[in-house]
Amino acid sequence: MIAFLEHPEEDRGLGTHQWVLLWVSRLTSCRRSRCLFLLSPKASFGPHVTFCSHPASSSRKGALGPAEGGSRGLMAGNGTAVTEFVLLGFQVWAELQTGLLFVFLLLYLITLGGNLGVLALVQSDPRLQTPMYFFLGHLSLLDICYASVIVPQLLESLRSDKGAITFERCAAQFFFFTLCASAECFLLAVMAYDRYVAVCKPLLYASAMTPQARLGLVAGAYGGAAVNAMVRTGCTFSISFCKSNHVDFFFCDLPPLLKLACSETRPRERLIYLLAFLVIATSISVILVSYLFILRAILKIRSAGGKAKTFSTCASHITAVALFFGTLIFIYLKGNMGKSLWEDKIVSVFYTVVIPMLNPLIYSLRNKELKEALRRALSRMKASRVE
């Protein structure tokens, strides 16, 4: 049986010594009742809540209480202020967990190596100091941050078999994940606009894409993403979580967190999904309009070689857009979690781990300028070693 004991109002006027004696007596009575006593970690000399439960009701998969791997929180009649979540991850056998650990570690190292390599080439090679590669450098930076928000926590969970994450770390992970995802949406739209100006208005390209204009576009992408992330995080983590503190996912994402809510979430859900829709719809609209103009310009080119050369400058971006937005739409515009959690987890792995790894390969394998820049960098390294 579960009981909730609150400070009466007169407790506020007690001195420190009287307050301690009162709570010792309450703790003693709670123990006599064979209950477990939990005092708020945010204890102050004011009224707060005591949580008591019979030992038989405590288990790792219990909804609340000082269970093994569970959360420590405050429980009142209107919900629970959880201080810790447990990320259940993939819930596979220990042998498979070891294999997954090495697979995700390898993918993460490839992601870091590829994106850092692109960043280094863009910064070091004078021939790559163009608007397109300026935006590509920021895309690589976002992919590094994107993967680093998710993968280290996932690796720690697989290594130690403990998916515990504090409420604050969960909120921070959610915020930076949303920030990176939103910024990447906007940045891909900016890159589409850059390709539109380059293909459709080549004579105005240099004057339209000045250093100030590039910085303004990137700042707008990050600023819009930050606003979206703050609103979504505030809406999500102001919800009362009391059904459980076990998140059946490998990171703090919106749909699995909403499953734990005990308060009314529909108004917040509508706002959260409206923001997601606006971010994705705005970005896709800019991309589609830009490529419609680009397609019209390509069709006006008479030579097949000219058409192929013009299209090749956009092919990498189109591939990256299709991969990123395809998986994002599948997850966020289908409402709450689907019937198959494994399906949702696999798709989420694809856009949080695999796509950041693939982007450097997509842009470098189909880009002659990046390949030549890499050859020049390797030649300089060999020459410096010989000297």
Side-chain angles (χ1 to χ4, degrees), residues 99-156 158 173 176-177 179-192 194-195 214 218 221-222 225 250-251 312-328 346-382 384:
L100 285 175
L101 173 64
F102 285 108
V103 168
F104 284 121
L105 178 60
L106 179 62
L107 293 177
Y108 184 53
L109 292 176
I110 294 173
T111 300
L112 291 180
N115 285 289
L116 286 173
V118 171
L119 270 175
L121 286 176
V122 169
Q123 293 296 320
S124 62
D125 197 305
R127 301 184 188 182
L128 299 183
Q129 303 300 311
T130 62
M132 183 178 75
Y133 293 107
F134 174 80
F135 297 131
L136 180 58
H138 279 276
L139 182 65
S140 295
L141 179 63
L142 277 176
D143 283 335
I144 292 170
C145 297
Y146 203 26
S148 297
V149 168
I150 305 298
V151 180
Q153 176 66 39
L154 174 58
L155 294 176
E156 176 61 23
L158 291 171
Q173 186 185 57
F176 286 109
F177 162 73
L179 176 67
C180 293
S182 304
E184 188 149 342
C185 288
F186 292 135
L187 189 61
L188 288 170
V190 168
M191 294 173 77
D194 171 72
R195 291 297 84 207
R214 298 178 220 167
V218 170
Y222 288 136
F250 61 93
F251 70 98
S312 65
T313 62
C314 307
S316 299
H317 182 257
I318 292 172
T319 305
V321 166
L323 288 173
F324 183 76
F325 281 102
T327 52
L328 207 61
I346 290 170
V347 174
S348 296
V349 164
F350 191 73
Y351 79 86
T352 57
V353 180
V354 177
I355 289 179
M357 178 199 69
L358 289 178
N359 277 341
L361 299 176
I362 291 170
Y363 280 97
S364 60
L365 292 176
R366 301 181 63 89
N367 191 304
K368 292 181 180 179
E369 291 179 336
L370 272 180
K371 289 179 183 178
E372 291 174 0
L374 180 60
R375 291 193 191 99
R376 288 193 294 270
L378 292 174
S379 299
R380 288 195 298 269
M381 289 174 62
K382 289 180 181 178
S384 63

Chi angles and distances behind the side chain to side chain contact (heavy atoms under 4.5 Å, CB included) call for Val349, Ile346: CA-CA 5 Å; Val349 164; Ile346 290 170; 5.7 Å; no
If I compare all heavy atoms of [X] with all of [Y], which pair ends up nearest, and what's the gap?
X	Y	answer
Ala147	Pro152	O-CD, 3.7 Å
Ala320	Tyr363	CB-OH, 3.8 Å
Ala181	Tyr146	CB-OH, 3.8 Å
Ile150	Gln173	CA-NE2, 4.2 Å
Asn115	Pro356	ND2-O, 3.0 Å
Glu184	Asp143	OE1-OD1, 3.1 Å

Taking the side chain as every heavy atom from C-beta outward, state whether [X] and [Y] have any pair of such atoms under 4.5 Å apart.
X	Y	answer
Thr352	Val149	no
Gln153	Phe251	no
Leu323	Phe350	yes
Thr111	Val151	no
Val218	Phe135	yes
Leu188	Phe325	yes
Val353	Tyr108	no
Tyr222	Leu142	yes

Atom [atom1] in [X], atom [atom2] in [Y]: separation rounded to 0.5 Å?
X	Y	atom1	atom2	answer
His317	Asp194	NE2	CG	8.5 Å
Leu361	Ile110	CG	CD1	8.0 Å
Cys314	Met132	SG	CE	9.5 Å
Leu155	Leu100	CG	CG	10.5 Å
Ser140	Leu112	OG	CG	11.5 Å
Leu187	Cys180	CG	SG	11.5 Å

Donor-acceptor pairs under 3.5 angstrom involving side-chain atoms of residues 118-126: please list them, not counting sequence neighbours.
from	atom 1	to	atom 2	distance (Å)
Ser124	OG	Ala120	O	2.7
Asp125	OD1	Arg127	N	2.9
Asp125	OD1	Arg376	NH2	3.3
Asp125	OD2	Arg376	NE	3.2
Asp125	OD2	Arg376	NH2	2.9

Checking side-chain polar atoms at under 3.5 Å, does Tyr133 have a donor or acceptor matched by the opposite partner on Asn367?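 Side-chain D/A pair, Tyr133 to Asn367: present.
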Qualifying residues under ring-ring contact (aromatic ring centres under 6.0 Å, His included), relative to Phe250, sequence neighbours excluded: Phe90
Checking Phe134 now: which residues fulfil ring-ring contact (aromatic ring centres under 6.0 Å, His included) with it, not counting sequence neighbours?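 Partners of Phe134 by the ring-ring contact (aromatic ring centres under 6.0 Å, His included) criterion, ordered by chain and then number, come out as His138.
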Cys185 and Leu328: CA distance, side-chain angles, deciding distance, side chain to side chain contact (heavy atoms under 4.5 Å, CB included) verdict: CA-CA 10 Å; Cys185 288; Leu328 207 61; 3.5 Å; yes
Can you classify the ring geometry of Phe177 versus Tyr351 as parallel (below 30°), tilted (30 to 60°) or perpendicular (above 60°)?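 Plane angle between 30° and 60°, so tilted.
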Say whether, by atom type as modelled, one donor and one acceptor occur between the side chain of Thr327 and the main chain of Phe324 under 3.5 angstrom. yes
